Amino acid sequence: MSNRSEIPVRTRYAPSPTGPQHIGGIRSALFGWLFARHHGGQFILRIEDTDQKRSVPGSLERILESFEWLGMDIDEGPQVGGDYGPYIQSERLELYQTWAKRLVEQGTAYKCFATTEDLAEMRASGGGYDRRYRDISAEQADRLEAQGKPYVIRFKMPLSGQTTGVDMIRGEVVFENAQLQDAVLLKSDGFPTYHLAHIVDDYHMKISHVTRAVEWLPSFPLHIQIWEALGWEKPQFTHLPVLLNPNGKGKLSKRKQQFAADGKSVPVLAHEFIAAGYLPEAVMNFLTNIGWNFGDNREVFTTQEAIERFQLEDVNPANSAYPIAKLDWLNSQYIQDAAVDDLARRLKPVLEAAGYAVDDDLLRRVVPLLQVRLKTLNDVVAMAGFFFADWQAFEAPPSEVLIQRKMDSAAAATVLSGAIPVLQRLDDFGSETQHSVMAAYAKDIGYKNGQVFGSLRAAVTGQRVSPPTFETMEILGRTESIRRIELALQALKERA
RNA sequence: GGCCCCUUCGUCUAGCGGCCUAGGAUGCCACCCUUUCAAGGUGGAGACACGGGUUCGAGUCCCGUAGGGGCUACCA
């Protein structure tokens with residue numbers, strides 16, 4: 001596939017284990033994954049837990065679950081292993097310390113003894129770190145260290161000149177070195193910062209293409225300088241656009257619950273998509289189509305098809321408002337196109353979670369009635385839960401459901417009671433036969449189809465909105481259908 | 001504030017100088033179909049942020065302005 005690079009393509013997703021996975025992070029990972037798969041390369045998961053304070057136990061499991069659900073397979077990482085591990089940064093501390101020390105020895109980094117208070121003062125007087133320890137002598141530094149003073153290691157950023165970075169979707173980006181600070185490479189607790197750790201790891205893990213969110217663009221020149229100070233050949237870089245809130249204002253946040261225009265809360269965390277009843281294929285399709293497009297004006301495509309076409313260069317550099325409304329549509333497309341057994345298998349746990357005991361054969365008969373009616377898997381409960389409830393416990397719905405528009409209680413009773421013998425006489429209780437016979441019946445008694453069919457629907461399903469009436473009655477069977485109609489008649493009589 | 005990135009219908013996008021009287025999708029509206037709800041069909045409204053250049057010709061290239069986003073931590 002790749003005909004211009006001899007080195008194998010290796011991309012990585014390197015999240016901090018700070019809790020549930022945010023859809024924005026997953027999208028960044030997705031682009032790196034698609035790129036690796038397109039080129040037949042490897043996709044690596046690395047956990048960046050160098051900030052102990054922010055680490056949340058169980059995060060790794062959540063990340064792995066999200067990837068598995070979406071079908072994004074990981075070639076190397078914690079749990080799966082690989083030749084370049086460990087894949088958790090807190091287990092690689094020695095490596096970072098070695099290289100930080102090397103930089104100090106070669107004079108491109110230095111020990112800085114400024115205290116938190118010193119830094120706070122500098123910030124208060126309106127500026128960043130003033131580089132006060134950048135040029136102290138080695139003896140001075142040794143003396144301070146011998147006194148037990150804590151220190152960090154900072155990078156000696158060039159004070160003048162420019163650094164030019166090449167971004168695969170933006171081209172050259174030029175920065176003034178004087179704008180950059182002497183970033184901390186190694187913290188006083190011996191842990192590296194992101195700046196050092198990711199470079200050491202990307203180098204040692206032979207990452208060929210760094211894909212990360214645009215918020216890293218401002219520190220791009222710093223990273224370039226560090227790569228060069230280390231004397232390592234750089235990978236290629238791509239800064240990916242991010243997801244904005246649905247209204248286009250601000251980066252999509254997992255902290256603040258977002259609401260779509262219709263007032264529905266917007267799924268942002270990976271597990272929320274599962275809980276909301278979305279299909280993983282639909283979510284993948286949805287995510288892939290933001291900031292990248294399939295071409296040919298196609299909106300619905302498989303992950304495999306996307307892999308065949310995906311190019312990082314084609315990614316739109318602009319951030320996007322989170323187009324969540326499109327996911328409902330896409331999801332409904334996938335539900336419509338799903339095979340009956342497949343959809344039944346996915347619907348079953350949803351119904352069970354709602355408290356229904358699901359009979360597989362019954363479910364398979366019901367599914368075809370549902371396919372054009374469900375936006376999400378969860379919709380099955382309101383639309384067709386009644387099929388799976390205890391039939392013996394069925395009760396007639398309230399009168400306002402039973403009595404159709406432009407009808408009253410007496411009219412409803414007339415229509416329903418007259419329908420019973422007609423249904424009883426049928427040789428064939430199939431929906432089509434029912435339909436034609438009931439249409440004729442409606443004409444006979446002078447009511448509209450909608451009034452007759454609607455009355456039956458309400459009597460038999462207990463709902464105003466349901467799958468088609470006659471298909472439903474066919475599944476329920478003649479005996480049960482008529483029993484329910486009788487229950488409705490009784491209810492109308494009692495309430496009259 | 002400084003620095004960096006971005007800017008086509010409400011939204012996601014196609015467009016990489018003439019194929020654009022700007023295409024698709026979603027959402028919205030109307031009509032058709034119709035036993036509810038959907039689905040489906042047909043049609044409609046809807047965008048090149050603005051101003052300068054460059055060019056025979058600019059949505060497409062350059063500059064500026066405006067707007068949006070991000071960074072500016074011993075967080076990533």
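The sequence lines fix the lettering, A, B, ..., with proteins before strands; numbering per chain opens at 1. All of these numbers come straight from a predicted model, not from anything done at the bench.
The stretch residues 456-467 of chain A comes close to RNA chain B through A:R457, A:R464, A:V465, A:S466, A:P467, each having a heavy atom under 4.0 Å from the strand. Taking a 4.0 Å limit (strictly below) on heavy-atom distances, residues 293-301 of chain A reaches RNA chain B at A:N293, A:N297, A:E299.
No close placement of the A:F394 and A:F386 rings is indicated, their centers lying 6.0 Å or farther apart.
In this structure, B:rC37 forms no base pair with any nucleotide, since neither Watson-Crick nor G-U wobble geometry is met with both distances under 3.5 Å. Both distances falling under 3.5 Å, in either a Watson-Crick or a G-U wobble arrangement, occur for no nucleotide opposite B:rC74. B:rU26 is paired with B:rG10 under the criterion used here, namely a Watson-Crick or G-U wobble arrangement in which both key atom distances are under 3.5 Å. Using Watson-Crick or G-U wobble geometry with both donor-acceptor distances under 3.5 Å, B:rA47 finds no partner in any strand shown.
Both cation-pi conditions hold for A:K111 and A:Y151: the charged atom is under 6.0 angstrom from the six-membered ring centre and inside a 45 degree cone around its axis.
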Sugar-phosphate atoms are those with a prime plus P, OP1 and OP2; base atoms are the rest. Using that split, label each nucleotide of nucleotides 1-10 of chain B B, S or - for protein heavy atoms under 4.0 Å, 5' to 3'. -SSSSSS---
Nucleic acid footprint by protein, nucleotides 59-64 of chain B - heavy-atom cut-off 4.0 Å, B for base, S for sugar-phosphate alone: ------
Side-chain polar contacts of residues 411-420 of chain A - donor-acceptor pairs under 3.5 angstrom, sequence neighbours left out - could you list them?
| residue | atom | partner | partner atom | Å |
| --- | --- | --- | --- | --- |
| A:T414 | OG1 | A:A410 | O | 2.8 |
| A:S417 | OG | A:A413 | O | 2.8 |
| A:S417 | OG | A:T414 | O | 3.3 |

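Between A:Q333 and B:rA38 there is no side-chain N or O to OP1 or OP2 distance below 4.0 Å.
Within the structure, no pair that satisfies the salt bridge (Lys or Arg N to Asp or Glu O under 4.0 Å) test touches residues 444-471 of chain A, not counting sequence neighbours.
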